[in-house]
Chemist: 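Below: one structure in structure tokens.
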Amino acid sequence: EDKPTIEIMSSWTSGGEAAALNVIKTEFEKRGGVWKDSSIAGFGAADAAFQNRIVAGDAPGAKQGVIGLAAADFINQGLFNPIDDVASSGKWADALPKSIHDLISYDGKVYLAPTGAHGESWIFYSKEAFEKAGIAQEPKTWDELFADLDKLKAAGMVPVAWGGQPWQQTKVFNMILLSQVGIDGYLKIYVDKNKSPASVEGVKKTLEILGKLRGYVDAGAAGRNWNDATAMLITAKAGVQFMGDWAKGEFTVAGKEPGKDYGCMIVPESKGMVYIADSLWFPKTGNAETDKAQKLLAEVVMDPAVQVEFALKKGSVPMRADVDKSKLDACAQKGVELMSAGAIVPDQAIVLTPQQVGALDDFVDEYWSGGSNEADAAAENFFAIFE
Amino acid sequence: MQSAVSVKDLKIAYGDHTVIDKMSIDIAPREFLVLLGPSGCGKSTLLNAIAGLQDITSGEVWISGKNVSWEEPKDRGIGMVFQSYALYPRMSVRKNLSFGLRVARLPKAEIEARVARTAALLQLDKLLDRRPAELSGGQRQRVAIGRALVREVDVFLFDEPLSNLDAKLRNELRVEIKKLHQRLGNTMIYVTHDQVEALTLADRIAIMRDGVIQQLASPAEIYRRPINLFVAGFIGAPAMNFIEGRIERGDGAAPVFLGNGLTIDLSRYSFRAVAAEGPATLGFRPEHLVLDGATSGLPTIPGRVAVVEPMGSDAVVWFDWADQSLSLRLMGDVTLEPGDALAPGLDIAKASLFGADGSRL
Amino acid sequence: MQSAVSVKDLKIAYGDHTVIDKMSIDIAPREFLVLLGPSGCGKSTLLNAIAGLQDITSGEVWISGKNVSWEEPKDRGIGMVFQSYALYPRMSVRKNLSFGLRVARLPKAEIEARVARTAALLQLDKLLDRRPAELSGGQRQRVAIGRALVREVDVFLFDEPLSNLDAKLRNELRVEIKKLHQRLGNTMIYVTHDQVEALTLADRIAIMRDGVIQQLASPAEIYRRPINLFVAGFIGAPAMNFIEGRIERGDGAAPVFLGNGLTIDLSRYSFRAVAAEGPATLGFRPEHLVLDGATSGLPTIPGRVAVVEPMGSDAVVWFDWADQSLSLRLMGDVTLEPGDALAPGLDIAKASLFGADGSRL
Amino acid sequence: MSIKRKPNLSATIALLPTWFVAVVVFIGTMAWSIRLSFTNSTLFPSSTYVGLAQYSKLFSSAKWLASLQNVLIFGVLYVAGCLLLGFLLAAALDRKIRFESAFRTIFLYPYAMSFVVTGLIWQWMLNPTLGIQASVRSLGWESFVLDWVVNRDMAIYALVLAGVWQGAGLVMVIALAGMRGIEAEQWKAARIDGIPVWRIYVSIILPQLGPALAAAGMLLAMGVIKTYDIVVAMTNGGPGNATEVPAKFIMDNLFGRQNLGLATAGATVLVLGVIIAVAPFRYIMHMRDKAKGAA
Amino acid sequence: MMARPHPNGPKPAQITAGRIGLYAFLVIAALFFLLPLYTMVVTSLKSMDEIRLGQIFALPATLDFSAWATAWSGACMGTVCVGIRSGFWNSVAITLPSVALSVFIGAVNGYALSLWRPRGANLLFGLLMAGGLIPYQIFLYPMVRAMANINLYNSLAGIILVHVIFGLPLVTLLFRNYFVSVPEELCKAARVDGAGFWRIFFEIMLPIAVPMVVVVSMLQFTGIWNDFLLGLVFAGRDNLPMTVQLNNIVNTTMGERTYNVNMAATILTAIVPLTIYFLSGRWFVRGIAAGAVKG
Ligand SMILES: Nc1ncnc2c1ncn2[C@@H]1O[C@H](COP(=O)(O)OP(=O)(O)OP(=O)(O)O)[C@@H](O)[C@H]1O
Ligand SMILES: Nc1ncnc2c1ncn2[C@@H]1O[C@H](COP(=O)(O)OP(=O)(O)OP(=O)(O)O)[C@@H](O)[C@H]1O
Ligand SMILES: [Mg+2]
Ligand SMILES: [Mg+2]
């Protein structure tokens, strides 16, 4: 048979993720493609497997990965196929926010097919817990938040359901940072790597808030998975959780509804939202058949219907600005608003090299679990991660 | 006099396999008793039972006038030396000797004195800081003996202490043990299956077979007047020669032994009871044959030399007679060659006769 | 005549530790040569070198007139029996015997015939289907011998084949090996450190020490006229008695030996060369002492009995003389008791004298 | 003239594949790693040499230093813990126990479990909100604390605990075999000397099991430096750097962080460390073999 | 105690405090070793609702086997929902030949190294031991390239080869230690009988090494069956072992954690090596006793 066949390597193995992936698969197969699934749980494991296959010269046809510098090295080495013709015929430049379009292009050619974005500036809270603690309103400032957290504590609950893994902690750091330095300040730090006094001050304030949060987490926080943290909200054992919008999936599985059982809000004082975007990468396989399949897959991914359907399943926000948002839930709608308003900033994985991402994780984790309150000194060190 | 060790009606069985059955022995103070018997006859089992290392099925063990059947080994007033030495491998000789004393919390000075005394006695002085692995076999055995001596008890038990040593060492240590016994005057019970050890060391030998004592007597008695065929065959190297035959007596005449064409007048043999006619086995030791049988006036056993084994001071000549191989011991130099004819004479007064049931006539 | 085995200028070293140095021996066809020596003197090493199991440093090994220094063991025409038996544990006796023949791809019928013949010779017929673990020590050793015999080669090498057996079995198998040699007439090289084996089995004995042959001669010669102190002390059980002293001669008079108050006229001693004055050691065997020294007219050595070791046919009496313990062998019954005084006479014609360097005078 | 028979050809040929593996795979990849550790390689090997830059980065990394320290603590405690518990269990089983084989199986079965599973299950059991602590508290002992996996000071001991759970059975089997190999006469001698049982195990038997326990320790040590799975499954290196280990550091940098140069520098240091740690041991073994050969 | 009767026959048995303590120790130890397995089994039989209540040691309210069914044949990995069933045969196909091959090569190595001592034997052994101590993360990258070069990457043969290579050090060590204790004279006798290297190996040495083969096979079996990393990297999509699928189920970062399915899947993955230990633990112990591990 000469059906375009493609092997997709992803780390999307959980229920919602798999369902989302299945949206793409179904459409791809409908358009005559043959889909071979190679899912491996865990970023690390999937990355290792992918890199080794590249090294072995046996690349898969597509790899799910974030938009950002992680892909840059591969592209620089000429290991990926551009999908420029698909992008131009599909008018991606019009459909996507410019910042995203820039990020998927290298040397003027489009390489990555974006699947969806996740907002990462969210605080989820349990309505039941808030009620029990007597909290009526969403806090508007950090001070209010801390006051509420105190109430939760007093009510005998765990104030913050903390996911004690470095990547989760870094996300909290970023959302606080954005709330402290604003969109421009954030971009100055992460994109321009600018160590101005204002930046240092912003980091310092961020660290102080972060440090303060330590007092509101429980003993089991270290190493906790985010979904275990979410479960604490679901059972109203804890009050709030800082997390990306994928956490909604957890609530949904447990039969909880947004706005009714739990609430979602952007972190206090934040003017925008940190986002991370997923995409598909298309390694060169030297197989014409696969090249065809890659193009077909890129088309499918950017299909407006697929984008929405995918976002629904995954709990993310569609990449295309021109899609029907009515089906999205309240939280996602907020996200889309911010996105269309351009009030978004990229996650560190998008703008930093993997080495730097690792260093940032180390930095935040060191501060968080070191128990140090030396925010001044730590803020100075922060910029060392860009070296 | 009170026995040093006595075993009363002892029975030991593994499941329903009885190893020792209704055994009773009394061992006098200062006596050197050797338990001798083939492998598996129950020697070690008996010794272990005396030491308290082996559960007994019934019966009693008395040591120095005390019923110790239920006592722990350490409380029985015994010392024991094992075939494999059983030294504690990672301890120096000094520690090997003193370990039991230290555990018993003897005063330091007392321990040191005892170790020094024992070491001097056994010439271990220079070895005290070595590990067992750094000792020769004979030295190890001496340490094992020392470990028993240092306990300063009345009764020593030896379980084949020399059988892992080579011939030369065995001979040397045998003499040392004998001297030790003469010097210390303790009671010793010594298990072996080497009959030379038994003969040279023992005051009395108990010859065991299948858990039953066959003969309990002095070495000379056992060598010269074995109580039955088993004892006769077991003691002596080379073994006693046996000839099967019958005892017959003419009417009122002296009994004669007829075997394989041989006719031997038994009038000089001292029977234990009146000799009855019937099948019998004639046993005689290699040294009971005289080479020049013709001139000696003794009954001769003509044959042909098969093998000559010179042993330095003496020699054993194996010769073939009537389908059998008989041995003859000669002193000094031997000029016989395989194939030579010979007709040695037999001194019947020294020989042994056994009845159909194997017991001495 | 061509030698069956000959070793020329053999040197074997581990690193810079030389185990065998410049050794040459010729072994005649049908000869039974025993290598005797203390542990570690290089006996096994030499045997292994002859068998081709040991790399040699320099020199040559010839077997049946062929330089086999570089041949594989199997091509040397030898059979070998090991101390530990080294039977193949997972094979039946039959397979153990036939393994080498099967490797050599002999015809089935031939293999069967040879196995049957060997089994009959060694009385292994009934054991053929057992595994080594199901055999007694003596039986295992017989199988090991059978495995060498079945190869039907001219030269057999035995490495302490009996040393793992108990005394009784050892005596029995020794005679069997001797008979076997007489029957087969092969060349045999036999390593042991048991001197009784050496004396009884050997046509010639090579006494080794530290990789060097001390004396290579017939058993009688070695027993009677040991070439040096080492040989003299090594052979004989109990060992030869030694007395340190001096040889002196008056002016022109016959030489005398003076030691510890003892004066012995040496005129009846046959010196190898003219006797010189100087320090010397007098050696004599226990049987060279005559108990009633006074009546024998021999020089006497007065002492006190320390230990009497009756051995059945004879007895060894240990007596103390001038700080030394000397031994004396007596035939038959002994009435001496520890503490008795005695003054045995020494037959100097049978004794040995050694010079300051230890070699025979 | 030196007469050396030709060395056995078959033996040499039989070992050729192993030689190949040892030289090409083990030494070859090591050489490759060492070379890369002097370059600025990130995702792919590069040939831009940067001298010791990677090493200075390595040793200024708190994570790396912590990982070295952790693997040392973990290694020592894990091996010692397995040896101790294994020995105690063996000694207990050696005392003519009923149901011995059932006990033996129970103690040994964890060895059939992978480190991943071991890590997962213990991280669950030691998690304060899910595991033992929660259960004990729900029984009414509210102040009970067993929060090792999430406690920065105790996390490494949690790893040790899980490791010992997995590995003690092996030591138990080895030690038990050794105890059964001790001749009965030594027991008898000790009983006559009146030595208490515990003292016999400590003073007489333990020293004799030395070589067997050393071999068991060697088997366990082979796993220590490779420690990776159990950490990932149990703590993923946290909290903080509390359970970071070199193998994980290398793995993270090799893939997730696309930092080949740093990873290979770490690998090189690790291998050097192994060689330094093992060389004396090998030397002792070698000398002992020699001594054995001479005896 | 009553007045002492006249001692005769065996000493009456007594229950001592030491004996009670001994059993107490054993029982407590057994609980420690069994608790994790118990927890896994119990959890796998609960429903998710019950698990969220957080009583991990409690018996399930109702036995719910659905997690097992899901784990075996329904759990999803990505868009494929076939459970870990599919990996089972892959694991078998990888493990059996790997074990057979590595045990064979290890036996040959041990035999050649200890009984023939060809030139360089000690060096080779040293290299192998060093290789055995090095974490194999270091080897991944160059090995991948090498395997790709010889066209074995992502193939059954490739993963088997990798397992054999990384198993060599341990397997060789164990066999060498065993064969060192085999009397050299056995080899000599066979050489006199005209047998060569291989003949001696197959007809004499291998048969006596059977207890060792059992031990090494069991160790290798568990090691290879439990491997995750090498399988993931080298086996290729069609040969992924069960452990990779287990990881896919257990290690999802995003999405609900179904602990009951995780536990069921974990037990299912471990069940083969567990069964082997439960059934042949006796042989394992016997093999160790026969001299598998000594100094
Ligand atoms: N634990 C046991 N279970 C069953 N039977 C045993 C046991 N120990 C010994 N026996 C049997 O008891 C008998 C006597 O054994 P014992 O060790 O006392 O013999 P021995 O005379 O010392 O032999 P050896 O000279 O070989 O040391 C033997 O038949 C032996 O098989
Ligand atoms: N592999 C080896 N490496 C180094 N030295 C060795 C080796 N094998 C043997 N030797 C040494 O060679 C010498 C002779 O050993 P050999 O085995 O030939 O002695 P032996 O006379 O057979 O002793 P025994 O009577 O104990 O068997 C000994 O000193 C021994 O230490
Ligand atoms: Mg015994
Ligand atoms: Mg030898």
Side-chain angles (χ1 to χ4, degrees), chain D residues 7-8 10-12 14-15 17-19 21-22 25-26 29 32-33 89 92 95 97 101 103-110 112-114 116-117 120-122 125 130-131 134-135 138 165 173-174 177 180 211-212 214-216 222 225-226 228-229 247 250-251 254 267 270-271 274-275 278 282, chain E residues 22 25-26 29-30 33-36 39-40 54-57 105 108-109 112 116 118-119 122 124 126-139 141-143 165 168 170 172 177 196-198 222 226 228 243 250 266 270 273-274 276-278 281-282 284-285 288-289 293-295:
Chain D
N8 188 284
S10 304
T12 312
L15 287 176
T18 310
W19 270 113
V21 167
V25 180
F26 294 156
T29 45
W32 180 87
S33 291
L89 291 174
R95 302 267 67 220
I97 285 289
S101 78
F103 277 118
R104 220 175 40 201
T105 309
I106 290 172
F107 300 149
L108 184 60
Y109 89 88
M113 306 284 225
S114 64
V116 174
V117 172
L120 275 177
I121 185 69
W122 277 100
M125 310 246 319
L130 292 170
S135 291
S138 73
W165 175 82
V173 172
I174 293 172
R180 295 281 150 88
M222 277 182 145
I225 301 173
K226 296 178 178 168
Y228 173 73
D229 307 12
I250 292 168
M251 194 67 183
L254 212 45
L270 204 57
V271 170
V274 167
I275 290 172
V278 170
R282 286 292 316 156
Chain E
L22 191 63
F25 169 66
L26 282 173
F33 281 93
L34 281 177
L35 196 60
T39 314
M40 282 200 273
Q55 293 293 346
I56 63 167
F57 299 120
I105 296 178
V108 172
N109 282 349
W116 292 83
R119 214 171 259 268
N122 279 336
L124 178 60
L127 288 180
L128 275 184
M129 288 310 99
L133 285 164
I134 297 169
Y136 38 59
Q137 285 81 2
I138 299 173
F139 299 110
Y141 209 109
M143 278 289 277
I165 287 176
L168 266 190
L170 177 72
T172 303
N177 281 358
F197 181 86
W198 290 111
T222 35
N226 285 334
F228 162 71
T243 43
V250 168
T266 305
L274 269 181
I276 289 181
Y277 272 75
F278 278 127
R282 215 153 42 95
F284 185 77
V285 173
I288 298 253
V293 180
K294 36 178 163 199

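Letters A, B, ... mirror the listed sequences (proteins, then strands); counts begin at 1. Computed from a prediction, not measured in an experiment: that's the story for all the values here.
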Chemist: In terms of heavy-atom pairs under 4.5 Å with chain E, which of D:Ala177, D:Ser101, D:Pro17 leads?
Modeler: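 Of the candidates given, the most pairs with chain E belong to D:Ala177.
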
Chemist: Where on D:Ile106 is there a heavy atom nearer than 4.5 Å to chain E: the side chain, the backbone, both, or neither?
Modeler: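 When you check distances to chain E, atoms from both the backbone and side chain of D:Ile106 fall under 4.5 Å.
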
Chemist: Go through the atoms of D:Val21 and report whether side chain, backbone, both or neither lie under 4.5 Å from a heavy atom of chain E.
Modeler: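 Contact with chain E involves the side chain of D:Val21 alone.
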
Chemist: Tell me, for D:Leu254 versus chain E, whether the close heavy atoms (under 4.5 Å) come from the side chain, the backbone, both or neither.
Modeler: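 Just the side chain, heavy atoms under 4.5 Å.
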
Chemist: On the 0 to 90° scale, with breaks at 30° and 60°, tag the E:Phe278-D:Tyr109 ring pair as parallel, tilted or perpendicular.
Modeler: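 Answer is parallel, since the angle falls under 30°.
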
Chemist: What I'd like to find out is whether the side chain of E:Pro36 reaches to under 4.5 Å of the side chain of D:Trp165, using heavy atoms alone.
Modeler: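 Touching, per the 4.5 Å side-chain cut-off.
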
Chemist: So do the side chains of D:Thr18 and E:Leu128 get within less than 4.5 Å of each other, counting heavy atoms only?
Modeler: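 Side-chain contact under 4.5 Å: yes.
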
Chemist: Please look at D:Arg180 and chain E and tell me whether the side chain, the backbone, both or neither of the residue comes under 4.5 angstrom of a heavy atom of that chain.
Modeler: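 When you check distances to chain E, no heavy atom of D:Arg180 falls under 4.5 Å.
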
Chemist: Flag the pair E:Leu26 / D:Phe107 as yes when at least one side-chain heavy-atom distance between them is below 4.5 Å, and no otherwise.
Modeler: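 Side chain of E:Leu26 against side chain of D:Phe107, heavy atoms only: contact under 4.5 Å found.
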
Chemist: Between D:Val116, D:Leu270, D:Val25, which shows the greatest number of heavy-atom pairs under 4.5 Å with chain E?
Modeler: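 Most pairs with chain E among the choices: D:Val25.
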
Chemist: Answer with side chain, backbone, both or neither: which region of D:Ile97 has an atom nearer than 4.5 Å to a non-hydrogen atom of chain E?
Modeler: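 Both backbone and side chain.
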
Chemist: At a 4.5 Å cut-off on heavy atoms, which part of D:Trp32 comes close to chain E: side chain, backbone, both, or neither?
Modeler: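 For D:Trp32, the contact with chain E is made by the side chain alone.
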
Chemist: Are side-chain heavy atoms of D:Phe26 and E:Leu127 found at a separation under 4.5 Å?
Modeler: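 No - every pair of side-chain heavy atoms lies 4.5 Å or more apart.
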
